[in-house]
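Just below is one structure, and these are the notes that go with it.
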Amino acid sequence: MLKTDSPDVQARDRFPTERVTSWHRCAIPQAEGAKPPGSGVGLLIPLLPGIVVTVPAMVGALMLGDERLLLPAVGGLMHLLATLAFPSVARLRRPLLRPANFPFAAFSLQLLVLPWLTVLAPYERPGFAAPSLTLESQSLFLIGLAFFCMLAGQKLLPGAPRHSAQTGVPQFASRADGSTFIAWIFIAVGLVGFWMYFQDPASLVNYYSGSYAVQKAVQSHTVVQGVSTFIRPFLNVGLVLLWVRGRSAARLQLRDAVFFLLLLLAASSYSYNRGQAVATIVATAAVLLVLSGHRTSRFTAALGLLLVVGASFQMGQLREQNNFASYGLTVNRSSGGERFLQDLQLYGNGPQFAGFMLEIRAGEPLLLGDSIYRSLISPLPILGAAGRSDSGTALYNRAIYGALNVRDQIPLATIESYWNGGVPAVMIFGLLLGTAVGWLDRVFLRSDRMVPRFAAAFYGYWAGMAVISSYEVIAQIVIYIA
């Protein structure tokens, strides 16, 4: 029997609705008279990133007379104001891979990091001309407004998860659910999907060796291959179920490396779509960290991050080369660190790209939801064909490439919202995103089952991608991967 003064009993007495297990025990109660979390110095911590970015930029703009430094000043100021309004949710919170952290990190990237990169290492590409400083600043204001409303949306849901007084780590139980039999059924269904899509070993080898253009040229788009798109994700979930159920140690083992490789190969079968692969790996890591009691070393975490980032950029390179080759275009890119910084601005939709979106619709009437509707139905087979010519992605790429039917650039959902309804539409986008993220966060923290937690982390990642991506991309994920 447990003694009445044991930590588990104390935890149950204080939080009777919470389940406390050996996986994740409660912290020691606070000492009497101690300051509660979020008071005093703790309130300043979320403000530091905005202060560090805003103050040097404003001082530099005044002393050096460089008006380009106003960009990081505007971005930092918008981040700082949102953080002041909602300090309890405007920060990275433990556990690190919880759903709420992904959109927060994405907005912080857009407001704090990318404006500085625009000044220090501006994106350069033949034919690309940055918009005016006014439009870039206006885009940062709109992104900051969406960030503010996203944080407000998270606060709309009652019953925020309880945190321990000392560490700030949410209390929740952890169990691996689902039978091994179900896992193998999922794997079998997913493998059938693989066979339906690739149809022969040569196509499979061509794809994973980087010769997707060769495979695509000889591959016909049939109903069978369309169906395979919907059932291939079963392989991902089956591998995750099998991986988690058979894992007993907190530290990495050889079987973890094998499952990681299999999962990466399974999740990257969508035209080198790295987002799908990374989302699956991140959601799996979130579950494994919970089951291991968060005892993963920093070296292991750093190694895993490097593997995911490396695989992501490799898939991106293959996708870019094959896509541009299919349109008869060539790719002239820099290499090394310079390429990484430029890719970060491109894929993060920095202020020069958001400003360009404002420029191409300047003086035009609001679309009143038309492009958003077309973007959302565009990924649908057959039914979506009517919306593809005037979706947000089509309008954006047409402005970049002219009449050429290229769709490789992704418009920012925040600015597409502005296209359709002005400032009110941006606010609604932020509120809806924040409400969805808050709900996913609560599912992740409160559930003691693996599958709901995996799903919450998976969708949380894509909620973060919605910040730097488009309505069409999110619709595609919901339709084909969900």
Side-chain angles (χ1 to χ4, degrees), residues 190 193-194 196-198 207 212-213 215-217 219-234 236 267-277 279-280 319-320 322-324 326-327 347 349 357 360-361 364 366-421 425 428-429 432-433 436 458-459 461-463 465-482:
F194 258 68
M196 293 170 68
Y197 182 70
F198 292 105
Y207 179 86
Y212 177 59
Q215 176 209 341
K216 192 174 181 180
Q219 191 177 51
S220 58
H221 295 282
T222 64
V223 175
V224 172
Q225 290 171 344
V227 172
S228 76
T229 304
F230 291 95
I231 65 175
R232 267 180 285 157
F234 280 93
N236 304 345
S268 60
S269 65
Y270 290 85
S271 304
Y272 306 120
N273 187 328
R274 52 186 160 190
Q276 161 65 5
T280 304
R319 180 183 178 92
E320 186 178 67
N322 282 283
N323 282 352
F324 272 73
S326 65
Y327 294 115
Y347 291 108
N349 262 319
M357 288 186 66
I360 62 179
R361 293 290 305 174
E364 298 288 334
L366 296 177
L367 296 174
L368 301 178
D370 183 68
S371 81
I372 294 179
Y373 167 73
R374 294 177 182 274
S375 295
L376 293 177
I377 68 168
S378 173
L380 288 171
I382 303 176
L383 297 176
R388 289 173 196 148
S389 61
D390 292 310
S391 67
T393 302
L395 295 175
Y396 183 52
N397 281 272
R398 197 177 300 144
I400 297 173
Y401 298 108
L404 190 62
N405 188 27
V406 182
R407 297 169 60 91
D408 70 312
Q409 300 301 319
I410 298 176
L412 191 62
T414 301
I415 307 301
E416 187 174 352
S417 300
Y418 184 77
W419 283 358
N420 285 266
I428 293 172
F429 167 73
L432 291 177
L433 178 63
F458 181 86
Y459 284 117
Y461 171 86
W462 282 110
M465 289 300 294
V467 174
I468 61 175
S469 190
S470 68
Y471 282 105
E472 187 169 331
V473 168
I474 302 306
Q476 183 178 359
I477 293 301
V478 171
I479 292 170
Y480 290 100
I481 311 299

What are the two closest non-hydrogen atoms of F458 and I477, and how far apart are they? CE2-CG2, 4.4 Å

How many angstroms lie between atom CZ of R398 and atom OG of S391, to the nearest 0.5 angstrom? 8.0 Å

Closer than 3.5 angstrom, by distance alone: can the side chain of W462 be matched with the main-chain N or O of V478 as a donor-acceptor pair? no

Minimum heavy-atom separation for A394 and S389, please, with both atom names. CB-O, 3.4 Å

Taking every heavy atom of D370 against every heavy atom of N420, the minimum-distance pair comes out as N-OD1, 3.2 Å

Can you sort out the partners of F234 under ring pair (Phe, Tyr, Trp, His ring centres under 6.0 Å), two or more places apart, ordered by chain and number? F186

As an exercise, state the distance from CG of L432 to OG of S417, rounded to the nearest 0.5 Å. 9.5 Å

Any side-chain heavy-atom pair of R361 and L367 under 4.5 Å: yes

State, to 0.1 Å, how close L433 and A466 come at their nearest heavy-atom pair, and which atoms those are. CD1-CB, 4.4 Å

Is the backbone N or O of R374 less than 3.5 Å from a side-chain atom of D390, with the two atoms forming a donor-acceptor pair by type? no

Is it the case that more than 12 heavy atoms not belonging to F194 sit under 6.0 Å from its CZ atom? yes

Looking only at non-hydrogen atoms, find the nearest pair between N236 and A267 and report the distance. OD1-N, 3.6 Å

I'd like a table of donor-acceptor pairs (distance under 3.5 Å, sequence neighbours excluded) in which one partner is a side-chain atom from residues 376-384, with atom names and distances.
unit_1, atom_1, unit_2, atom_2, d
S378, OG, E472, OE2, 3.3

Look at the side chain of S228 and the backbone N and O of M196, then say whether any donor-acceptor pair between them is shorter than 3.5 Å. no

Side chains of S470 and E416: do they bring a donor and an acceptor to under 3.5 Å? no

If you measure from OH on Y197 to OG1 on T229, what distance do you get to the nearest 0.5 Å? 7.0 Å

If I take atom CD1 from residue I474 and atom CD1 from residue I479, how far apart are they, to the nearest 0.5 angstrom? 11.5 Å

Y396 side chain reached by I360 side chain, heavy atoms, under 4.5 Å: yes

Partner residues of F429 under the ring pair (Phe, Tyr, Trp, His ring centres under 6.0 Å) criterion, sequence neighbours left out: Y471

side-chain contact (heavy atoms from CB on, under 4.5 Å) for I372 and W419? Distances and angles first, verdict last. CA-CA 9 Å; I372 294 179; W419 283 358; over 6 Å; no

